Amino acid sequence: MAFELPPLPFPKNALEPHMSAETLEFHHGKHHATYVKTLNELIKGTPLERQSLEEIIRSTHNDKSKTKVFNNAAQVWNHTFFWNCLKPQGGGSPRGEVARAIDAAFGDIDKFKSEFKTAAVDQFGSGWAWLVSDSGRLKITHTGNAVDPPAEKGTALLTCDVWEHAYYLDYQNRRPDFVKAFLEHLVNWEFVANNMSRQHGTAAA
């Protein structure tokens, strides 16, 4: 079956003023949609057509003959994951298991935000900042272009898209302001908690 563009989990204007409806119209309706369309065209009639998105990502990563397939598959996954990392009136501080894990890994939520912002801002060119779980311990990382945790057999908990199309209409070249708005007003901590729970096989605290 062909992959489909998933709907946004909120109305296009729900994240204003921190992320505009215009940005989401282009980002989701143009960029994400093009990745889906291109991926379907690339895998049609090949064995990859029968694989899941994650399987395609893992099987094409570092295969130079399938770079275009990898880039589009990973970007489909990354964007779908990113939309779920966002929510209206989000941000702030997490609770329960997520709060305890962040305190254990980084000291406190403010130190986490500082390190995450540095990773996002310091990513040279296009890419992503990630909060991942590595053997149960939280780590912050950043990746270039389409590379993501599934490609590297990691478990993603949270991401921030720092490709320019994610923020340029709203923030121009001010990536630090965008990342700050993401952390303070947009993060969906319930989604992070659900990701942790799925990894551990437990209910969110």
Side-chain angles (χ1 to χ4, degrees), residues 1-44 51-54 56-57 60 68-92 116-117 119-121 123 125-132 142-151 156-195:
M1 293 180 63
F3 293 104
E4 297 182 354
L5 177 69
L8 290 170
F10 38 73
K12 285 190 176 72
N13 64 352
L15 304 181
E16 293 182 342
H18 312 293
M19 188 179 292
S20 67
E22 184 181 19
T23 285
L24 286 168
E25 182 65 40
F26 279 94
H27 196 174
H28 175 263
K30 305 291 185 184
H31 291 277
H32 193 179
T34 298
Y35 293 130
V36 173
K37 179 176 182 290
T38 304
L39 175 62
N40 284 327
E41 292 171 349
L42 290 169
I43 65 174
K44 186 175 181 180
Q51 293 186 1
S52 70
L53 196 56
E54 291 81 2
I56 294 172
I57 290 169
T60 59
K68 192 171 182 180
V69 175
F70 169 78
N71 285 338
N72 283 276
Q75 286 293 77
V76 171
W77 191 95
N78 293 347
H79 282 86
T80 300
F81 189 84
F82 178 55
W83 306 135
N84 286 285
C85 290
L86 308 172
K87 65 174 287 188
Q89 289 82 52
F116 190 92
K117 183 177 180 181
V121 172
Q123 168 56 42
S126 300
W128 303 80
W130 303 90
L131 175 66
V132 301
H142 56 94
T143 59
N145 298 316
V147 177
D148 56 16
L157 303 178
L158 176 72
T159 195
C160 182
D161 186 347
V162 292
W163 283 62
E164 283 192 342
H165 62 239
Y167 60 88
Y168 204 84
L169 291 177
D170 299 325
Y171 297 89
Q172 289 79 50
N173 64 331
R174 304 190 309 276
R175 184 189 288 187
D177 291 350
F178 165 66
V179 178
K180 180 179 179 181
F182 169 80
L183 291 167
E184 296 298 332
H185 303 288
L186 297 175
V187 172
N188 183 353
W189 287 114
E190 289 82 3
F191 180 65
V192 178
N194 289 336
N195 291 331

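These figures come from a predicted structure and were not determined experimentally. All residue numbers in this chain count up from 1 along the given sequence.
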Nearest atoms (heavy-atom pairs only) where [X] meets [Y]:
| X | Y | value |
| --- | --- | --- |
| V187 | L183 | CG2-CA, 3.9 Å |
| D161 | G127 | OD1-O, 3.8 Å |
| F70 | V147 | CZ-CA, 4.1 Å |
| W189 | G92 | NE1-O, 3.3 Å |
| L53 | A73 | CD1-O, 3.6 Å |
| V162 | V179 | CG1-CG2, 4.3 Å |

Discussion item. Do H142 and F116 have side chains that approach each other closer than 4.5 Å (heavy atoms only, starting at C-beta)?
Written reply: no
Worksheet item: Does the side chain of H185 reach to within under 4.5 Å of the side chain of P17, using non-hydrogen atoms?
Response: no
Discussion item. F10: which residues meet the side-chain contact (heavy atoms from CB on, under 4.5 Å) condition with it, sequence neighbours left out?
Written reply: L8, A14, L15, L24, L86, P88
Worksheet item: Of all residues at least two apart in sequence or in a different chain, which pass the side-chain contact (heavy atoms from CB on, under 4.5 Å) check with A156?
Response: W77, F81, W130, P149
Measuring from [X]:[atom1] to [Y]:[atom2], what's the distance to the nearest 0.5 Å?
| X | Y | atom1 | atom2 | result |
| --- | --- | --- | --- | --- |
| E164 | L169 | CD | CG | 10.5 Å |
| E25 | S20 | CD | OG | 10.0 Å |
| L39 | I56 | CG | CD1 | 5.5 Å |
| I43 | T38 | CD1 | OG1 | 11.5 Å |
| L5 | T80 | CG | OG1 | 7.5 Å |
| D177 | R175 | CG | CZ | 12.5 Å |

Worksheet entry | K180 vs K117, side-chain contact (heavy atoms from CB on, under 4.5 Å): CA-CA, chis, key distance, verdict | CA-CA 7 Å; K180 180 179 179 181; K117 183 177 180 181; 4.2 Å; yes
Item to complete: Please work out which of the three classes, parallel, tilted or perpendicular, describes the rings of W128 and H79, given edges at 30° and 60°.
Response: perpendicular
Worksheet item: Can you list the steps and then say if L186 with K87 is a side-chain contact (heavy atoms from CB on, under 4.5 Å)?
Response: CA-CA 5 Å; L186 297 175; K87 65 174 287 188; over 6 Å; no
Discussion item. Under a 3.5 Å distance rule, please check whether H28 uses its side chain to pair with a backbone N or O of P7 as donor and acceptor.
Written reply: no
Fill in: Sidechain-backbone polar pair: N188 side chain, N84 backbone, donor-acceptor under 3.5 Å
yes
Worksheet item: Under 6.0 Å from the CD atom of E41, do we count more than 12 heavy atoms belonging to anything else shown?
Response: yes
Item to complete: Could you check W83 against H27 for side-chain contact (heavy atoms from CB on, under 4.5 Å), going step by step and ending with a plain yes or no?
Response: CA-CA 10 Å; W83 306 135; H27 196 174; 3.5 Å; yes
Worksheet item: Does a donor on one side chain sit under 3.5 Å from an acceptor on the other, for W163 and Q123?
Response: no
Worksheet entry | Test log, rule side-chain hydrogen bond (donor to acceptor under 3.5 Å, both in side chains), inputs Q75 and N78 | CA-CA 5 Å; Q75 286 293 77; N78 293 347; 3.1 Å; yes
Discussion item. Consider side-chain contact (heavy atoms from CB on, under 4.5 Å). Of F182, F178, Y167, which one does M19 pass it with?
Written reply: F178
